[in-house]
Amino acid sequence: MQKISVNFSQKWLQSFKEILISSASAVVFLFLDLLDALFCLFFKFIDEFFEGKGSGSRCYCFRENEEESDVTGNEQDSELSSTLHKRRNLFRKIGFQGNVSRRKLNQNVRWSDCSCENCVSWISNNGSELKLHVVVKEPNPANLQDFKDNKTENIVFLHGFLSSSTFWRETIFPNLSKDANQKYKLLAVDLLGFGKSPKPNNCLYTIKDHVEMIESSVIQPFELNSFHIVAHSMGCVVALALAAKYSHSVRSITLIAPPYVTSTKEDASLTTLNRLAARRLWPPLLFGSSFMSWYEHLGRCICYIICKNHRIWEGILKLLTMNRNLHFMAIDLTRHTHNSAWHTMHNVICGGAKLIDKYLETLKIAKVKINVIQGSRDQVVPLECINNVKMKVPDAEVKIVDDADHTSVIIGREKDLCNDLEKLWGSIC
């Protein structure tokens, strides 16, 4: 009897906690809806002040009519995610009205973006074609004959959201075995809009944009006729698109915490947004994701405070920690613009949801080896995502790492991950 009473109390407390969180979330997000609409007006006028009359604020604060939702008349073929316009906001009509979202800006750096040498170094390319920043680690063959016989394999690494090639350079590159260092050429990419790669303001950062930049910066210059892909989080969506396009060249693809949310509804993009960035106050990580995903103008404020002034924040952190070398993840967190992060979040992570099935089907037909890894305590990407891949491609190898979250599935277990990767590459070679 006492045990039943305890169970009842626990269930009651859990229900009360859920009601409290839901109620508080509804109130807070209602206020944020209003605040974002007001900041839409603020940015409209301040953009015109700094950038000239008529520049306005390039935003998605108007809800397109159904007949205008897609210029081509087919939502599935649109490069833009429906989440850009269909995010619910009760105060949307207060914001600036107009089709400025599709207008391209000519300037290289907006007033609200950082213009330090590190962040704009990509601009001084003397008019040449924009290229991604690529970190290359050449193989160190045991003898010259191995190099001449072209026995090396190419491995392309794609990072996750708000990260860079440094993620792989600091984790995987130093921990590969001596044998792997003799056989594999490693190419870690700064995706478009992140790290040291270009961050143009006239770009909508669609999956097509990301893939084309990888083609022109990696595939073609390095003449990759055969390669493996390793990707983390958001990079998995780009990796699948790239692998599907080069299905006859890709030897294997390793997806670490892929954001693959299936949906029975027509709008898979909105389902993904609601699943990965639900409008809730708790847990804090989810609130941060929802805040930056649902609120274009409030997110731009955060980017202005953090990213534009990253040198100040880095200096403060160095003083507080008494460490001249900050952790690479802290540095990567600010190496983007609001335009690049906002559009990549929606057009890749959310917009890619309607395309992943097609990518996986292509790889399944081509019999490309698919390896999926995820932490059991991942609070960013639901654990169901790894099962979704397995259901779509039964031959995919799936591994769930106990007591690992979204980043510790890699950081902290670098040696184990390298062993897994080398076994995969070796079995295919």
Side-chain angles (χ1 to χ4, degrees), residues 135-143 146-147 149-160 165 167-189 224-233 235-236 239-240 242-243 246-258 260 360 363-364 366-378 381 383 385-429:
V135 176
V136 182
K137 185 177 181 182
E138 294 284 354
N140 185 22
N143 56 70
D146 286 343
F147 183 79
D149 292 342
N150 290 322
K151 293 182 179 180
T152 60
E153 289 281 337
N154 303 299
I155 318 293
V156 177
F157 293 87
L158 304 180
H159 61 79
S165 58
F167 184 82
W168 302 111
R169 192 181 65 197
E170 294 288 335
T171 57
I172 301 301
F173 284 24
N175 289 290
L176 288 172
S177 67
K178 182 179 180 180
D179 183 54
N181 283 318
Q182 292 175 352
K183 294 191 297 186
Y184 302 122
K185 176 189 283 188
L186 312 179
L187 303 103
V189 182
L224 302 188
N225 297 317
S226 172
F227 57 97
H228 303 263
I229 303 177
V230 180
H232 177 235
S233 192
C236 293
L240 285 169
L242 180 67
Y246 290 88
S247 59
H248 298 296
S249 299
V250 174
R251 307 293 299 278
S252 74
I253 178 170
T254 299
L255 308 173
I256 305 175
Y260 175 36
L360 288 174
L363 297 177
K364 179 181 177 181
K367 297 183 179 181
V368 174
K369 187 67 175 179
I370 299 177
N371 185 36
V372 192
I373 303 172
Q374 189 166 2
S376 63
R377 296 189 296 105
D378 196 328
V381 173
L383 199 59
C385 292
I386 196 172
N387 297 322
N388 293 337
V389 177
K390 185 67 174 178
M391 290 177 63
K392 188 67 178 179
V393 186
D395 291 336
E397 290 189 5
V398 170
K399 180 176 182 177
I400 298 177
V401 181
D402 293 334
D403 296 323
D405 58 28
H406 196 64
T407 55
S408 64
V409 71
I410 298 175
I411 298 177
R413 57 177 303 271
E414 293 89 347
K415 286 288 186 182
D416 290 338
L417 178 58
C418 286
N419 289 335
D420 291 341
L421 292 174
E422 289 178 35
K423 287 179 182 178
L424 173 68
W425 301 333
S427 65
I428 297 172
C429 294

When rounded to the nearest 0.5 angstrom, what distance separates [atom1] in [X] from [atom2] in [Y]?
X: Leu158; Y: Leu187; atom1: CG; atom2: CG; value: 10.5 Å
X: Leu360; Y: Lys364; atom1: CG; atom2: NZ; value: 9.5 Å
X: Ile386; Y: Ile400; atom1: CD1; atom2: CD1; value: 5.0 Å
X: Leu176; Y: Leu421; atom1: CG; atom2: CG; value: 7.5 Å
X: Asp395; Y: Lys369; atom1: CG; atom2: NZ; value: 7.0 Å
X: Glu397; Y: Leu424; atom1: CD; atom2: CG; value: 6.5 Å

> How far apart are the C-alpha atoms of Val409 and Gln374, what are their side-chain angles, what is the distance that settles it, and do they pass the side-chain contact (heavy atoms from CB on, under 4.5 Å) test?
Replying inline: CA-CA 7 Å; Val409 71; Gln374 189 166 2; 5.7 Å; no
Decide yes or no for [X] and [Y]: does some side-chain heavy atom of the first lie under 4.5 Å from some side-chain heavy atom of the second?
X: Glu170; Y: Glu414; result: no
X: Lys183; Y: Pro139; result: no
X: Ile253; Y: Leu255; result: yes
X: Ile256; Y: Val230; result: yes
X: Asn371; Y: Ser252; result: no
X: Leu240; Y: Tyr260; result: no
X: Phe167; Y: Ile411; result: yes

>> Is it the case that the side chain of Glu422 and the backbone of Ser177 share a donor-acceptor pair, with hydrogens and angles ignored and the cut-off at 3.5 Å?
In response: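 Looks like yes, one N/O pair under 3.5 Å.
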> Would you find a donor on one side and an acceptor on the other, under 3.5 Å apart, between the side chain of Lys390 and the backbone of Ala396?
Replying inline: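 Such a contact is found between Lys390 side chain and Ala396 backbone.
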State, to 0.1 Å, how close [X] and [Y] come at their nearest heavy-atom pair, and which atoms those are.
X: Asn175; Y: Thr171; answer: ND2-O, 2.6 Å
X: Asp378; Y: Ala257; answer: OD2-CB, 3.6 Å
X: Ala239; Y: Ala231; answer: CB-CB, 3.6 Å
X: Pro258; Y: Cys385; answer: O-CB, 3.2 Å
X: Gly160; Y: Ser233; answer: CA-CB, 4.2 Å

>> Would Val189 and Phe157 count as a side-chain contact (heavy atoms from CB on, under 4.5 Å) here? Give the steps.
In response: CA-CA 6 Å; Val189 182; Phe157 293 87; over 6 Å; no
> Charged N to carboxylate O below 4.0 Å: is that the case for Arg413 and Asp403?
Replying inline: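 So Arg413 does not pair with Asp403 through a salt bridge.
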> Would Ile373 and Leu417 count as a side-chain contact (heavy atoms from CB on, under 4.5 Å) if you check the C-alpha gap in whole Å, the side-chain angles of each, and the deciding distance to 0.1 Å?
Replying inline: CA-CA 9 Å; Ile373 303 172; Leu417 178 58; 3.7 Å; yes
>> For Thr254 and His228, which I'm curious about, is there any donor-acceptor pair between the side chains at under 3.5 Å?
In response: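 No, because no side-chain N or O of Thr254 sits under 3.5 Å from a partner of the opposite role on His228.
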> Side chains of Asn181 and Lys137: do they bring a donor and an acceptor to under 3.5 Å?
Replying inline: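 Present: a donor and an acceptor within the cut-off.
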> With under 30° as parallel and over 60° as perpendicular, where do the rings of Trp168 and His232 fit, or are they tilted in between?
Replying inline: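 Perpendicular: the ring planes of Trp168 and His232 meet at over 60°.
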>> Quick one, Ile370 with Leu363, criterion side-chain contact (heavy atoms from CB on, under 4.5 Å). Give me CA distance, side-chain angles, the key distance, then yes/no.
In response: CA-CA 8 Å; Ile370 299 177; Leu363 297 177; 4.1 Å; yes
